[in-house]
Visitor: 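Here's a structure for you.
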Amino acid sequence: MDRPRTTPKDFFLWVGAMISLYAGVVAFIALIFDYINYAFPDPLAYFYDPYTSAAYEMAALIVLAPVFLVLMRLIRRDIARDPSRGEIFVRRWALFLTVFVAGATIVIDLITLIYTFLSGEDLSVRFLLKVLVVLLVAGAGFLHFLADIRGYWTREPKYAASINWGVAALIVASIAAGFFIIGTPGDARGYRMDEQKVSDLQSIQWQLVNFWQQKETLPADLAELNDPISGFRVPADPQTGGAYVYGRTSTSSFKLCATFNAKNRFVDTRYTEPVMAIPAGVKNGGDTWEHGPGETCFARTIDPERYPPYSKTR
């Protein structure tokens, strides 16, 4: 008996389903990795930001999971209407390819684990959890699609429905958990505003240092930093449109203040040595920009040995 002919509809339904499946699985694993990195941060990571990547992966899952479910529903409806559609070559290729990819992933995952152990590297909790996540996801995929090849889900539709609901609940839970890390969209926008404010304060600080090196005094207000020749204009608070708070505390010291929405999401502690002299008792001295919610002031005193006036360097 000849196998049923594959139609363009069959081909694109299965290709779309497999693309959304593979991309969704990668996004799910990456999202869980972000949760692990958040819970067990790597001290060697350079400005690792789990928030941006987690937001992207959450968005990918929110789109890809329904796409996959809709495409598979259309495919299963066609098979229920015409059982011969379950024997088309594109379906068998898709199932066997998925089983192969899942099996290969399991093998590579185990090789990585054993190699790490034999090479004497540190089997950290973070590493072991990531290995376990990949093993569980790949193993579940391998067993599910192997059962599909053998027709188990066709014979047991109730179990198939239970698995589908369980996977859907897992995806919803993983997405919901992301809001405990990245916060709501409003929180995320607040964080971005805070990051821009810190960037603005850093720019203003270096303009103040340059001003002091040229004139050996600090400006009375920030408007004196505006320079039409270099093109520098003092930035305004992106959230309120108002000016940042500046105060000259001596001829070589000053403070800069801004109102923030929340505490720093992450701080690279490897680069906290001061680039300026820190007065005794100043909490926010040095070139650190840690802040909490509300108004925070950063006190700075210019070190003339590090930043000598230009008149003394000629």
Side-chain angles (χ1 to χ4, degrees), residues 1-35 53-106 109 133-180 182 185:
M1 181 179 178
D2 294 336
R3 291 187 181 277
R5 181 172 173 270
T6 299
T7 66
K9 175 185 176 182
D10 296 323
F11 178 81
F12 286 108
L13 281 177
W14 275 103
V15 169
M18 290 302 100
I19 291 176
S20 58
L21 172 65
Y22 295 157
V25 168
V26 170
F28 175 78
I29 292 175
L31 182 60
I32 301 302
F33 278 12
D34 281 332
Y35 296 163
S53 57
Y56 178 81
E57 288 140 13
M58 289 169 61
L61 279 177
I62 290 172
V63 174
L64 292 172
V67 168
F68 174 72
L69 293 175
V70 168
L71 291 176
M72 289 305 301
R73 182 177 180 83
L74 294 174
I75 289 170
R76 295 189 185 283
R77 187 178 63 183
D78 287 345
I79 294 175
R81 188 166 47 235
D82 179 6
S84 66
R85 309 317 299 166
E87 298 298 324
I88 57 177
F89 91 92
V90 69
R91 175 180 181 272
R92 299 187 64 82
W93 270 93
L95 295 180
F96 277 104
L97 175 62
T98 304
V99 169
F100 172 78
V101 171
T105 302
I106 293 172
D109 193 50
V133 167
V134 174
L135 186 62
L136 289 176
V137 173
F142 180 86
L143 293 175
H144 178 84
F145 286 98
L146 183 62
D148 202 356
I149 291 173
R150 296 177 176 178
Y152 177 79
W153 303 122
T154 302
R155 296 191 303 270
E156 301 290 346
K158 291 184 178 180
Y159 290 158
S162 298
I163 292 295
N164 291 338
W165 281 109
V167 171
L170 179 62
I171 293 174
V172 170
S174 66
I175 294 173
F179 289 106
F180 290 97
I182 67 173

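Keep in mind that this is a model prediction, so the values were computed, not measured.
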Visitor: Return yes when atom CZ of Phe12 has more than 12 non-hydrogen atoms of other residues, nucleotides or ligands closer than 6.0 Å, and no otherwise.
Guide: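 Not buried by this count: 12 neighbours or fewer within 6.0 Å.
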Visitor: Should Met58 and Leu31 count as side-chain neighbours, where that means a heavy-atom distance under 4.5 Å?
Guide: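 A side-chain contact exists here, since the closest heavy-atom pair is under 4.5 Å.
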Visitor: Taking all non-hydrogen atoms of both residues, which atom of Leu61 and which atom of Gly24 are closest, and how far apart?
Guide: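 That would be CD2-O, 3.5 Å.
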Visitor: With a 4.5 Å cut-off on side-chain heavy atoms, are Ile29 and Phe33 touching?
Guide: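 Yes - at least one pair of side-chain heavy atoms lies under 4.5 Å apart.
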Visitor: How long is the straight-line distance from CZ of Arg91 back to CZ of Phe96, given to the nearest 0.5 Å?
Guide: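 That separation rounds to 9.5 Å.
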Visitor: Answer yes or no: is there a side-chain heavy-atom contact under 4.5 Å between Ile88 and Arg5?
Guide: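 Side-chain contact under 4.5 Å: no.
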Visitor: Enter the distance from Leu170:CG to Trp165:CH2 here, rounded to the nearest 0.5 Å.
Guide: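 So the CG of Leu170 and the CH2 of Trp165 are separated by 14.5 Å.
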Visitor: Kindly give the heavy-atom pair with the smallest separation between Gly141 and Ala102, and that separation in Å.
Guide: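 Heavy-atom minimum between the residues: C-CB, 4.3 Å.
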Visitor: Over all heavy atoms of both residues, which pair between Ile175 and Tyr35 is shortest? Give the atoms and the distance, please.
Guide: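 Here Ile175 and Tyr35 meet closest at O-OH, 4.4 Å.
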Visitor: Nearest 0.5 Å please: distance from the OG1 atom of Thr6 over to the CZ atom of Arg92.
Guide: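 Going from OG1 on Thr6 over to CZ on Arg92, the span is 11.5 Å.
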Visitor: Can you find a heavy atom in the side chain of Phe28 that is under 4.5 Å from one in the side chain of Glu57?
Guide: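 Answer no - side chains too far apart.
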Visitor: Flag the pair Asp82 and Arg77 as a salt bridge only when some basic side-chain nitrogen lies within less than 4.0 angstrom of an acidic carboxylate oxygen.
Guide: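 The answer is no: the pair does not qualify as a salt bridge.
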Visitor: Roughly how far, to the nearest 0.5 Å, is the CG atom of Leu143 from the CG atom of Asp148?
Guide: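 Atom-to-atom, Asp148:CG and Leu143:CG are 12.5 Å apart.
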Visitor: Which heavy-atom pair separates Phe179 from Pro185 by the least distance, and what is that distance?
Guide: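 Where Phe179 meets Pro185 most closely, the heavy atoms are CE2-CD, 4.4 Å.
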Visitor: Hey, what do you get for CG (Leu95) to CZ (Arg150), rounding to the nearest 0.5 Å?
Guide: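 Rounded to the nearest 0.5 Å, the CG-CZ separation comes to 13.0 Å.
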Visitor: Could you tell me whether Arg81 atom CZ has more than 12 heavy atoms of other residues or ligands within 6.0 Å of it?
Guide: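 More than 12 within 6.0 Å, yes.
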Visitor: Can you pull out every side chain to side chain donor-acceptor pair (under 3.5 Å) where at least one residue sits in residues 9-30? Sequence neighbours excluded, please.
Guide: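 Side chain to side chain donor-acceptor pair (under 3.5 Å) check on residues 9-30 returns Thr7-Asp10, Lys9-Asp78, Asp10-Arg85, Tyr22-Thr98.
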Visitor: Indicate yes or no: at least one non-hydrogen side-chain atom of Phe142 is less than 4.5 angstrom from one of Leu146.
Guide: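 Yes, their side chains come closer than 4.5 Å.
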Visitor: Indicate the atoms forming the closest heavy-atom contact of Ala54 with Asp34, along with that distance.
Guide: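 For Ala54 and Asp34, the tightest heavy-atom pair comes out as N-OD2, 3.4 Å.
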